[in-house]
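Predicted model only: the values in this text are computed from it and were never measured.
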Amino acid sequence: GTIAPNFGGSSSLRDIYLNNNRFSGPIPTVDNIGSLGNGGTLGEIQEILLFGNNFSGPVPNSLCDLRDTNTTQFDSFWADCKPDEITLVPQNFCRDGCCNQCFIGKGALP
């Protein structure tokens, strides 16, 4: 399934562990996980683990920007951004300096 649009609406959320599930669809943007729409700011976030799912598309720039501008220790951002051995394409592209741990995705690649 997909991640609910109101997910993450807390300003005190520190760790988001969504790894090794069956989530699909695009990775939510910061706006969709609470930064603007639900009052949360994710200003205390330290870890986001998204690997091992069936997410499609790139890691949103808004999540990478959050890592760049966060005043706390946002030091763990893991996603399925390592190219597989057949297509040489990552399941989720992650811009330089954003994801600090990349895995080979388990989702089907086009």
Please tabulate, one pair per line, all N/O donor-acceptor pairs under 3.5 Å involving side-chain atoms of residues 94-103, not counting sequence neighbours.
| residue | atom | partner | partner atom | Å |
| --- | --- | --- | --- | --- |
| Arg95 | NH1 | Asn61 | OD1 | 3.4 |
| Arg95 | NH1 | Asp65 | OD1 | 3.2 |
| Arg95 | NH2 | Asp65 | OD1 | 2.9 |
| Arg95 | NH2 | Asp68 | OD2 | 2.7 |
| Asn100 | OD1 | Phe77 | N | 2.7 |
| Asn100 | ND2 | Asp75 | O | 2.5 |

Indicate the ring-plane relationship of Phe55 and Phe23, choosing parallel, tilted or perpendicular according to the 30° and 60° boundaries.
-> parallel
Report yes if some heavy atom in the side chain of [X] is under 4.5 Å from a heavy atom in the side chain of [Y]; otherwise report no.
X	Y	result
Asn92	Pro58	no
Trp78	Leu50	no
Ile16	Ile45	yes
Ile27	Pro60	yes

Between OG on residue Ser76 and CG on residue Leu49, distance to nearest 0.5 Å | 6.5 Å
Taken to the nearest 0.5 Å, the spacing of Ile48 CD1 from Asn19 CG works out to 12.0 Å
Where at least one partner belongs to residues 49-61, residue pairs that pass salt bridge (Lys or Arg N to Asp or Glu O under 4.0 Å), sequence neighbours excluded = none
Does Asn53 offer a backbone N or O that forms a donor-acceptor pair with the side chain of Asn21 under 3.5 Å?
-> no
Nearest atoms (heavy-atom pairs only) where Ala79 meets Val59 = CB-CG2, 4.1 Å
Take atom CD1 of Ile86 as the centre, draw a 6.0 Å sphere, and report whether it contains more than 12 heavy atoms from other residues, nucleotides or ligands.
-> no
Under the side-chain contact (heavy atoms from CB on, under 4.5 Å) rule, collect the residues that match up with Asp15, sequence neighbours excluded.
-> Tyr17, Gln46, Glu47
Hydrophobic side-chain clustering at under 4.5 Å (ILVMFWY, transitive links): who's grouped with Ile104? Put none if nobody.
-> none
Apart from Phe93 itself, members of its ILVMFWY cluster (side-chain separation under 4.5 Å) are none
